[in-house]
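The structure presented is a predicted model; accordingly, all values stated were derived computationally and were not measured. Letters A, B, ... mirror the listed sequences (proteins, then strands); counts begin at 1.
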Number of protein chains: 2
Amino acid sequence: MKLSQGVEWALHCAVTLADAEDGILASRRTLAGYYGLPEAYLAKHLKSLVQAGVLVAASGPRGGFRLARAPEQITVLDVVEAIEGSAPSFVCTEIRQRGACALPPDRCTGPCPVARIMLDADRAWRDSLRAVTLADLSGQLPEWAHARAGSWLADPSKPLPPVP
Amino acid sequence: MKLSQGVEWALHCAVTLADAEDGILASRRTLAGYYGLPEAYLAKHLKSLVQAGVLVAASGPRGGFRLARAPEQITVLDVVEAIEGSAPSFVCTEIRQRGACALPPDRCTGPCPVARIMLDADRAWRDSLRAVTLADLSGQLPEWAHARAGSWLADPSKPLPPVP
DNA sequence: GCATTAGTACTCGGATACGAATTGTCCGAGTACGCCAGG
DNA sequence: CCTGGCGTACTCGGACAATTCGTATCCGAGTACTAATGC
């Protein structure tokens, strides 16, 4: 029950991309430099985000990544599932139907109580993540943080505006 | 975000042990035979349950495992954390304080929004598991299932009562 | 001066090693029962 | 017949491999800009 390291990276990068001005694409080098992350490995996670439809990628010079939808339309769950996969954390192997005391299949019409509880908890976890969007996260940052992110994404070589 | 296989085994075994008559200890062989599980590997998980204080073990002939408390006093979360560990699923490495756009530490008094959301979801998951006890799970089984489990735990060589 | 075309530099994407954690298995330490010998 | 002691068989606990997954990295495919060249 440990989440991948990439989930944190992906979430921060997605929130940062919400501050990109229209038409600006951020390359993986730009994003990696923003947080001091290994560029090659971050690329792997960015690719996952593209495959999941969270980001859109463009090749060539001036290429890079941007959000596929408005920040209000992307939930934290979208990002997490892009990295971790959307499979439920608990898989019931129906061991109640195996072994010396196996139950006959016709007695196992409904899901077993153990699986039901675990899936309920999994649903609660996902609901909690689905209730928050990138816009919600971005809105918790101060104005100068948005300005810094936008400036860096537009041109990483330009000096950053100072922190008040 | 995938739970260990042992979680399912541990939960089923714990629910089964709730049907053991007073003074009856179930050996790992008995439990493994109940569900057709590999005995040696199941032992590893049972050991974790003992270390977590969910089960009590006794050595020697007539030895085995029993619940450490009444089924009403053991939550599903107790069992899951015994196997998976109680560490939170998300760990914030404070990448916002690293890289080219690192925030100064004096601007990071509170937890970062990303970590807060992830920990909230983790708490929702654990709350959901904490709300259910082994007694709740056991209560969802029909009467004849309790009788079969109790009979097998008391003497695996005795023929099981039939399923109605 | 302008259009065309070849070159270049920069981007993403997939294929490729390495390490750690989970999975799976085995043998040794300890204990209660049963049996045997002695009184 | 009763009691004490020893042996045995069964239990759990920790130590030891194999496999899968997450981590980390590199090189190749593709694209837009740039610059040189011909008209």
Side-chain angles (χ1 to χ4, degrees), chain A residues 1-10 13 17 23-33 36-52 54-66 68 80 82-85 87 89-91 93 95 153 155-157, chain B residues 1-10 13 17 20 23-33 36-66 68 80 82-85 87 89-91 93 95 153 155-157:
Chain A
M1 190 54 190
K2 193 173 77 59
L3 284 174
S4 165
Q5 174 95 346
V7 170
E8 182 182 12
W9 301 1
C13 287
L17 282 173
I24 295 294
L25 300 185
S27 74
R28 62 193 189 194
R29 176 169 304 191
T30 302
L31 286 170
L37 303 176
E39 179 187 338
Y41 188 28
L42 177 64
K44 197 182 185 76
H45 295 307
L46 292 174
K47 184 184 67 168
S48 297
L49 289 170
V50 171
Q51 290 176 335
V54 175
L55 300 185
V56 171
S59 290
R62 317 279 292 175
F65 300 90
R66 66 172 174 84
V80 173
I83 304 298
E84 290 287 319
S89 59
F90 183 86
V91 285
T93 61
I95 64 174
L153 295 181
D155 184 1
S157 63
Chain B
M1 192 54 190
K2 192 173 78 60
L3 285 174
S4 165
Q5 175 92 344
V7 170
E8 182 182 13
W9 299 0
C13 286
L17 282 173
I24 294 295
L25 301 184
S27 74
R28 62 193 188 193
R29 174 169 307 191
T30 301
L31 286 170
L37 302 177
E39 178 186 340
Y41 189 27
L42 177 64
K44 199 181 187 71
H45 296 307
L46 292 174
K47 184 184 66 168
S48 297
L49 289 170
V50 170
Q51 289 175 336
V54 175
L55 300 185
V56 171
S59 289
R62 316 280 292 175
F65 299 89
R66 65 172 175 84
V80 172
I83 304 297
E84 291 287 319
S89 60
F90 183 85
V91 286
T93 61
I95 65 174
L153 295 181
D155 184 1
S157 63

Could you tell me the separation between the [atom1] atom of [X] and the [atom2] atom of [N], rounded to a whole number of Å?
X     : N      : atom1 : atom2 : answer
B:Y41 : D:dT20 : OH    : P     : 13 Å
A:L31 : C:dC12 : CG    : C1'   : 13 Å
A:L42 : D:dT23 : CG    : P     : 13 Å
B:E84 : C:dT23 : CD    : C1'   : 13 Å
B:F65 : D:dC10 : CZ    : P     : 17 Å
B:R29 : D:dA9  : CZ    : P     : 14 Å
B:K44 : D:dT11 : NZ    : P     : 20 Å
B:R66 : D:dC12 : CZ    : C1'   : 15 Å

Under 4.0 Å between any heavy atoms, over every strand shown, what does [X] touch: base, sugar-phosphate, or nothing? Just pick one.
X     : value
B:A57 : sugar-phosphate
B:A58 : sugar-phosphate
A:E39 : nothing
B:G6  : nothing

query: Does the B:E39 side chain pair with the main chain of B:R28, one donor and one acceptor, at a distance under 3.5 Å?
result: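 Such a contact is absent between B:E39 side chain and B:R28 backbone.
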Less than 4.5 Å apart, side chain to side chain, heavy atoms only: is that true for [X] and [Y]?
X     : Y     : answer
B:T93 : A:Q5  : yes
A:L42 : A:C13 : yes
A:I83 : A:L3  : no

- prompt: For the side chain of A:R62, counting heavy atoms from C-beta on, which of C:dG13, C:dC12, D:dC33 is nearest?
  reply: D:dC33
- prompt: Between A:P61 and A:P38, who's closer to the 5' end of DNA chain D by nearest nucleotide?
  reply: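 This one resolves to A:P38.
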